[in-house]
Amino acid sequence: MKTLFTLIVSLFCVLGARAEAPRPNIIFVLIDDLRLDEIHYPFVKVPNIMRIEREGVKFNNAFVTTPLCSPSRASFLTGQYVHKHGISDNTARDPQSHKLNTFIKQLHDVGYETGFVGKWHMGLDDNPRPGIDYWVSVKGQGRYIDPVVNDNGDRKTNVGYFTDILNAATLRFLEKEHTKPFLLYVSHKAIHPDLQQAADGTLSDPNAENFIPAERHKQLYANAPVPHRPNVKSAGEGKPALLRKLDGVPPLSRETGTKDETIRNRLRVLQSAEEGLGQIFEVLERKKQLDNTLIIFTSDEGYFYGEHGLSVERRLAYEESIRIPLLMRYPKLIKAGSAIEQTTLNIDICPTLLEIGGTPVPPDVDGRSLVPLLNGEKVPSWRKSFLIEYYTDKVFPRISHMGYKAVRTDRWKYIHYLDLNGMDELYDLKKDPYEMKNVIDEAGSVKGLEEMMKELGRILEGAK
């Protein structure tokens, strides 16, 4: 009897210790427009990004549900599809973005000290959003050289390179003494082009090709050969929406794709953010907080490097635009060097962080917590499909009226254009991973098309 009593007491002690276990710090690093594959190009040197992958987990099938900056950022923060949170484009949605129920606010409400450093990019307003204790941001896109920064209410021109300024602000937050677990959201302008965006979403540089690296990186990767996917040979064949003749818009070709030097320049811009990650590692190690901190590295969408003749039109539902890198490091939960193959979405970040931070997930969240996958559990009920949606804007004339709702499974992708009749697309991703053959009119695809149309309807009715 005494032995049984001792076991019961010991069990309660263990459970109590677990219940009182400290919650992890969280650092979320968001890069703008970084593709899934480019950090693994042979010539690219990003040891700190690779350290997260090596000491943590790599998600091999991570996607955004809207490949456009403002909507994607709102989806990361709320765990909701765009049709639910309402940030549907890059126009000035300042009042609306103040009302979002973000994971930052929710974790702040349960005791996290919170910080946001970087580009909010849901409008032009640089005022702090709810639930954020430490705020360093800019109006709209900001600029790479000598940006005007709102540093906790003090607005002034900061002389220098924007990414370096954000890295310094990140370090100031991390060097503080924290009596509570902290959440720091680092949202880089890199590797976005340097331009200004008006309230209606229009751009100061319609070509969007001015990528400005830090001075010390301007000769990096000089003449390095850029790898290309097979679909750079495509010029939109089988894609009637892209083949429309539009005034002033040249037909798709290798000339309308992204130039190799532009690609190298984008990766030079990335280098300052990579150095910032190294500084984060150094501070956390020195303060003995590295293994108590969940680090997440990801991107808000991909970018076209000439696939189908495309470049800046990253709003489209093709793989290069919707796939993103997603890496996490937290040794108390994540096995070093692991990989997750299940389909994961940007809307999964919010419920994941809420669960890890110890607060319930609201019922209106569309994403799913990744904690079971991080634990190595088999989840037979994991999603088999997901929605991709875009509501057309006027920034790039080539994709005028190309708003769509699309659904993707492991095998199929169906794209339904909302304003263009008879121009839908269907791809068999198993046979055609580069989406070079639209099979929507082929007799052998009838069953696949019917299944995908039905699945699209199911998701839109609210199923997860």
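If you read the sequence from its start, that first residue is 1, and numbering goes on from there.
Both tests hold for Lys189 against Tyr144: distance to the six-membered ring centre under 6.0 Å, angle to the ring axis within 45°. For the pair Arg143 and Phe162, the cation-pi criterion (under 6.0 Å, within 45° of the ring axis) is not fulfilled. Figure legend: Arg266 and Tyr303 shown as a cation-pi pair, the cationic atom lying under 6.0 angstrom from the six-membered ring centre and within 45 degrees of its axis.
A salt bridge does not link Glu38 with Arg264: every distance from a Lys NZ or Arg NE/NH1/NH2 to an Asp or Glu carboxylate oxygen is 4.0 Å or more.
Inspection of the Asn48 and Arg51 side chains reveals no N or O donor paired with an N or O acceptor under 3.5 Å. Under the 3.5 Å distance criterion, with hydrogens and angles disregarded, no donor-acceptor pair is assigned to the side chains of Ser321 and Arg35. Side-chain polar atoms of Ser97 and Arg129 form a donor-acceptor pair below 3.5 angstrom. No hydrogens or angles considered: a donor-acceptor pair under 3.5 Å links the side chains of His85 and Ser75. A donor and an acceptor atom, one from each side chain of Arg323 and Asn61, are located under 3.5 Å apart. Lys405 and Tyr391 share a donor-acceptor pair across their side chains, judged by distance under 3.5 Å alone.
Partners of Phe59 according to the ring pair (Phe, Tyr, Trp, His ring centres under 6.0 Å) rule, which considers only residues two or more places apart in sequence or in another chain, do not exist here. Shown here are the ring pair (Phe, Tyr, Trp, His ring centres under 6.0 Å) partners of Trp135, two or more places apart in sequence or in another chain: Phe116, Trp120.
Considering Tyr134, Phe28, Phe173 in turn, Phe28 is the only one that fulfils the ring-ring contact (aromatic ring centres under 6.0 Å, His included) rule with Tyr185.
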List the atom pairs, with distances to 0.1 Å, where a side-chain N or O of residues 241-251 and a protein N or O form a donor-acceptor pair under 3.5 Å, not counting sequence neighbours.
from, atom 1, to, atom 2, distance (Å)
Arg244, NE, Ala241, O, 2.7
Arg244, NH1, Ser400, O, 3.1
Arg244, NH2, Arg398, O, 3.3
Arg244, NH2, Ser400, O, 2.9

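Atom CG in Leu277 sits 7.5 Å away from atom CD1 in Ile295 (nearest 0.5 Å). Residue Asp428 holds its CG atom at 11.0 Å from CD of Glu435, rounded to the nearest 0.5 Å.
Heavy-atom contacts from other residues, nucleotides or ligands closer than 6.0 Å to NE2 of His401 number 12 or fewer. Other residues, nucleotides and ligands contribute at most 12 non-hydrogen atoms within 6.0 Å of the NZ atom of Lys233.
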